[in-house]
Amino acid sequence: MIEPVDDRTWLVKRTPESSPEAIIDRFGGGYRLRRFSLTESRRTQHGVYTGPELAETAWWRLQDRPRGR
């Protein structure tokens with residue numbers, strides 16, 4: 001699920017009560033997907049998408065992918 005923080009930022013969570021796993025923010029003409037971290041320098045980038053819903057889908061696909069591929 002995605003939870004809006006403001007008009008430019010969304011958090012990706014497994015459930016409403018869980019901790020954020022990723023952050024989506026408006027970036028130029030798209031939406032940037034990054035791993036959530038409290039420090040900006042540790043937010044690993046995972047691409048730019050055309051909408052927040054597509055970025056969320058990409059996040060869950062990344063989590064389903066076997067490690068090392």
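S18 places a side-chain N or O within 3.5 Å of a backbone atom of T15 that can act as its donor or acceptor partner.
Applying the side chain to side chain donor-acceptor pair (under 3.5 Å) test to R34 and every residue at least two apart in sequence or in another chain returns D25, E40.
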Under 3.5 Å, which donor-acceptor pairs link side chains of residues 50-58 to any protein atom two or more places apart or in another chain?
| from | atom 1 | to | atom 2 | distance (Å) |
| --- | --- | --- | --- | --- |
| E56 | OE2 | M1 | N | 2.8 |
| E56 | OE2 | W60 | NE1 | 3.4 |
| T57 | OG1 | E53 | O | 3.1 |

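Cluster membership for Y49 and V12, using ILVMFWY side-chain heavy atoms within less than 4.5 angstrom, is shared. W10 and V5 fall into different hydrophobic clusters, where Ile, Leu, Val, Met, Phe, Trp and Tyr are joined by side-chain heavy atoms under 4.5 Å apart, directly or via other members. Linking ILVMFWY residues whenever their side-chain heavy atoms come closer than 4.5 Å, directly or via other members, leaves I24 and F36 in distinct clusters.
The shortest heavy-atom contact between L33 and A22 is CD1-CB, 3.9 Å.
The line from OH of Y31 to OG1 of T9 is 11.0 Å long, rounded to the nearest 0.5 Å.
Ion pairing between R35 and E21 fails under the 4.0 Å rule for side-chain N and carboxylate O.
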